[in-house]
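First the proteins, then the strands, lettered A, B, ... as listed; each starts at 1. Small disclaimer: the values here were computed from a predicted structure and weren't measured.
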Number of protein chains: 4
Amino acid sequence: MPRSPKQLEEHRKQKKKLIMDVALELFAKGGFHATSISQITRKAGISKGLIYNYFSSKQDMLEEITETAYNEVYKNFDLDKDGVLTNEEFIFFIKETFRIVRENMSFWQLYFALMVQPGIQESFSEKYQEKSKPILNQIYAFLQKNGSTDPEGDLFVLSSLVEGAILYLVVAPDIFPSGKMEDKILQACFRLISTPEAPPKN
Amino acid sequence: MPRSPKQLEEHRKQKKKLIMDVALELFAKGGFHATSISQITRKAGISKGLIYNYFSSKQDMLEEITETAYNEVYKNFDLDKDGVLTNEEFIFFIKETFRIVRENMSFWQLYFALMVQPGIQESFSEKYQEKSKPILNQIYAFLQKNGSTDPEGDLFVLSSLVEGAILYLVVAPDIFPSGKMEDKILQACFRLISTPEAPPKN
Amino acid sequence: MPRSPKQLEEHRKQKKKLIMDVALELFAKGGFHATSISQITRKAGISKGLIYNYFSSKQDMLEEITETAYNEVYKNFDLDKDGVLTNEEFIFFIKETFRIVRENMSFWQLYFALMVQPGIQESFSEKYQEKSKPILNQIYAFLQKNGSTDPEGDLFVLSSLVEGAILYLVVAPDIFPSGKMEDKILQACFRLISTPEAPPKN
Amino acid sequence: MPRSPKQLEEHRKQKKKLIMDVALELFAKGGFHATSISQITRKAGISKGLIYNYFSSKQDMLEEITETAYNEVYKNFDLDKDGVLTNEEFIFFIKETFRIVRENMSFWQLYFALMVQPGIQESFSEKYQEKSKPILNQIYAFLQKNGSTDPEGDLFVLSSLVEGAILYLVVAPDIFPSGKMEDKILQACFRLISTPEAPPKN
DNA sequence: TATGAATGAGCATTCATTCAT
DNA sequence: GATGAATGAATGCTCATTCAT
């Protein structure tokens with residue numbers, strides 16, 4: 001149906017997005033290897049050959065999906081600020097994180113799968129580190145500002161907490177009363193970053 | 001070479017264990033679908049046909065592996081106690097958890113893969129819940145005893161923290177200075193379960 | 001951009017020639033089956049659909065290419081002469097043959113491929129025989145005039161020699177010092193057609 | 001049916017030979033690319049998967065076929081002799097060549113196809129040169145002994161003649177009255193290697 | 001005339017599983 | 001218990017060809 005180069009381009013973009021959306025969902029649900037090209041084309045309502053008009057291989061498709069999703073995810077964080085996070089900004093940060101996860105559940109499911117099985121996409125871990133570095137740096141500075149004597153360790157603890165919560169959110173979204181739980185995680189974060197009393201002996 | 005029924009049985013058991021060990025490692029490293037029966041038999045030094053003498057299918061093999069690993073893992077926890085955990089016991093608990101993970105890295109890698117992609121083994125999540133229920137119950141009681149006004153929520157927070165840390169341990173064992181990090185996680189746990197001060201407004 | 005029917009016709013002709021030239025080169029280099037329509041259109045700078053505006057199928061394209069090349073090749077031989085070849089004309093004949101091959105290397109590479117693998121183009125061999133018949137007849141007469149008692153056999157020998165040399169020229173043009181080798185072949189031809197002495201007993 | 005390692009090995013060898021024979025015939029007739037694995041398995045009466053129990057790929061199959069055929073072909077030539085060919089031996093040589101070609105027509109058809117289209121099997125030409133080198137060296141010495149002042153050039157002429165004749169034999173076996181033609185080629189060879197009279201001016 | 005998105009049959013290859021020995 | 005040849009369905013991918021524009 002399209003004709004002009006512009007319409008054509010627009011058409012291609014939409015079609016590609018359709019394919020990527022379908023593929024992401026299937027990859028997330030069933031795994032990369034267990035999802036066949038046929039399944040994708042069937043669900044997307046296109047022919048098998050057409051996939052290769054848009055992607056050079058199944059692997060390439062996965063890479064474009066993760067790249068796009070990462071960009072989509074991180075463009076929401078405003079990281080151009082020069083100062084250090086205020087408490088309010090930190091709170092926003094955590095909340096924003098959960099909101100993004102909740103709106104891209106399929107991607108985050110795929111994210112964990114790829115993290116855990118690095119063989120599937122060689123570059124995935126590096127890509128993630130590169131993208132998340134600026135964010136982690138902001139948190140690091142925030143922890144320093146808040147008086148942490150071991151910001152690296154505290155960052156690790158905080159990351160574990162949030163990553164673990166996201167994992168639960170992704171794996172068992174139904175048993176996760178999201179509003180309340182986010183508040184709990186947020187409170188836990190603040191409790192962890194406040195100046196510590198004497199820790200228990202172990 | 002074995003002859004008596006008893007020796008025969010012993011022989012079968014050892015062979016089966018060999019196959020399961022090899023398969024677990026390969027499943028963990030490469031993923032269930034990406035690991036072929038051929039790879040397993042090659043690494044185990046057996047013929048392809050023999051696999052089906054011990055397992056009815058590849059899927060069945062996976063199920064036996066996870067079942068066995070779960071039993072292996074949880075038999076280490078002494079859960080027959082009737083009372084409620086002391087602080088020392090709780091500490092032991094957490095430390096024991098990390099020790100077990102570190103000694104069964106392959107299984108825990110597979111654990112996350114199966115958690116995240118339920119299509120691979122339908123029953124996995126239920127099996128896990130059933131097995132971990134008694135443990136979570138103990139922690140629940142411990143939180144109550146420690147004065148928690150929301151033991152369910154606090155349990156979730158604690159689980160997130162520990163699960164998140166284990167994920168890091170499994171995914172990036174090299175960048176995880178395990179001794180120190182376990183202490184940090186332990187401290188964080190105690191900080192989270194001590195009676196809360198006024199939380200920050202958000 | 002062309003408008004008048006005549007310009008249009010001219011345009012079509014040029015475009016068709018472009019496609020055929022590109023296709024011939026690719027067919028020769030990579031083989032008919034291994035060369036895709038996409039490769040041809042890419043190299044010719046046209047769209048995929050356009051090919052079918054000029055040819056009804058890939059097979060048809062091949063046939064038009066070989067037909068055209070044959071005509072091109074044989075129109076250079078002046079075969080309207082009524083008499084029999086002189087020695088000078090025979091020499092010119094052989095030299096002309098090598099010149100033509102050297103100027104149409106791609107076609108002659110394809111020629112051998114189609115000769116050897118008749119499945120690719122059913123009609124190729126017949127077409128060749130039909131085209132080369134008048135030439136062979138001239139040589140036949142020339143051999144008779146030169147006193148051959150077995151012109152058919154001698155024609156076969158001569159053809160083998162020349163065809164074999166052309167094969168070398170086409171397959172390994174670099175190791176073929178063409179000037180010298182053509183002289184050698186020419187001398188060999190004359191030696192073969194001169195009245196034979198007593199052949200060796202075998 | 002087989003059981004002992006020896007029977008098994010024998011069984012494998014026969015099966016492999018069966019596949020290679022069928023494949024050689026189809027490759028020769030239709031070309032490498034135009035012959036599908038399905039065609040081969042259908043004609044060989046085996047399942048598609050079994051091919052890959054014997055060959056790692058279609059390409060590998062081709063390579064094993066050419067390697068085996070070369071060895072088969074050249075083991076017939078007794079090249080261990082230290083002296084130089086006698087006339088009788090040279091005659092035997094040429095006759096043997098034609099006999100071998102006639103008994104392995106499919107291979108020689110494939111031979112020309114691979115020669116002409118080097119893209120199909122990269123190593124083919126080198127393999128051929130390596131195998132035929134000792135033979136060509138013997139002819140070279142024979143030409144020298146016979147008084148050739150340009151043995152290299154004469155070798156080329158002789159090769160062209162024989163190669164050309166073989167090409168005809170392979171491409172059009174029906175129109176080639178083999179007995180007579182071999183004699184003609186043999187006579188032509190001797191005529192070409194006898195001390196030349198004054199060549200014609202050109 | 002010219003485009004290129006779309007098709008679907010066909011390809012080489014893989015792999016869990018079977019079974020005669 | 002153990003072997004490995006054999007199967008065939010399914011996979012990712014290619015490509016000549018069509019057709020709406």
* Over how many whole Å does the gap from A:Glu9 atom CD to E:dT3 atom P extend? -> 17 Å
* **Rounded interatomic separation in angstrom, taking CD from A:Gln7 and P from F:dA20** => 17 Å
* Asked: Would B:Glu63 and B:Lys127 pass as an ion pair if we require N to O under 4.0 Å?
  -> no
* Is the shortest side-chain N to carboxylate O distance from C:Lys29 to C:Glu25 below 4.0 Å? -> yes
* Counting just side-chain N and O atoms, does A:His11 come under 4.0 Å of either OP1 or OP2 of E:dA6? -> yes
* Asked: Is D:Lys15 positioned over the aromatic face of D:Tyr54, cation under 6.0 angstrom from the ring centre and no more than 45 degrees off axis?
  -> no
* Structure fact -> Atom CD1 of C:Ile120 and atom P of F:dA16 are separated, to the nearest Å, by 14 Å
* **Least distance between heavy atoms, C:Ala23 atom then C:Ile40 atom** => CB-CD1, 4.0 Å
* Asked: Quick one: does A:Gln117's side chain have a donor or acceptor within less than 3.5 Å of a partner on B:Ala113's backbone?
  -> no
* Nearest-Å distance for atom pair CG/C1', residues C:Leu62 and F:dA16 -> 14 Å
* What integer distance in Å separates D:Glu10:CD from F:dG4:C1'? -> 17 Å
* Structure fact -> Closest of E:dT3, F:dA2, F:dA5 to the C:Ser47 side chain is E:dT3
* Toward the 5' end of DNA chain E, which comes first, A:Ile46 or C:Ile46, by nearest nucleotide? -> C:Ile46
* Quick one: is the NZ or CZ of C:Lys58 closer than 6.0 Å to the six-membered ring centre of C:Phe32, and within 45° of its axis? -> yes
* **Atom-to-atom span, NZ of B:Lys13 to P of F:dG1 - whole angstrom** => 16 Å
* Asked: Closest nucleotide of DNA chain F for A:Arg42 versus for D:Gly45: which of these residues is on the 5' side?
  -> D:Gly45
* Please confirm whether the backbone N or O of B:Ile120 pairs with a side-chain atom of B:Gln59, one donor and one acceptor, at under 3.5 Å? => yes
* To do: With side-chain contact (heavy atoms from CB on, under 4.5 Å) as the test, would you mind laying out the steps for B:Leu114 and B:Tyr128 before giving the verdict?
  => CA-CA 11 Å; B:Leu114 296 177; B:Tyr128 166 72; over 6 Å; no
* Structure fact -> Protein heavy-atom contacts under 4.0 Å, written 5' to 3' over nucleotides 12-19 of chain E as B (base), S (sugar-phosphate only) or - (none), form the string SBBBSBB-
* To do: To the nearest Å, give me how far apart CZ (D:Phe55) and P (F:dA6) are.
  => 12 Å
* **Validation row, ring centre C:Phe107 to ring centre C:Phe27 under 6.0 Å** => no
* Rounded distance (Å) that lies between atom P of F:dG12 and atom CD1 of A:Ile40 -> 8 Å
* Stem regions touching DNA chain E, defined by at least 3 consecutive Watson-Crick or wobble G-U pairs below 3.5 angstrom -> E:2-21 with F:2-21
* Asked: Does C:Asn53 place a side-chain N or O at less than 4.0 Å from the phosphate oxygens OP1/OP2 of E:dA2?
  -> no
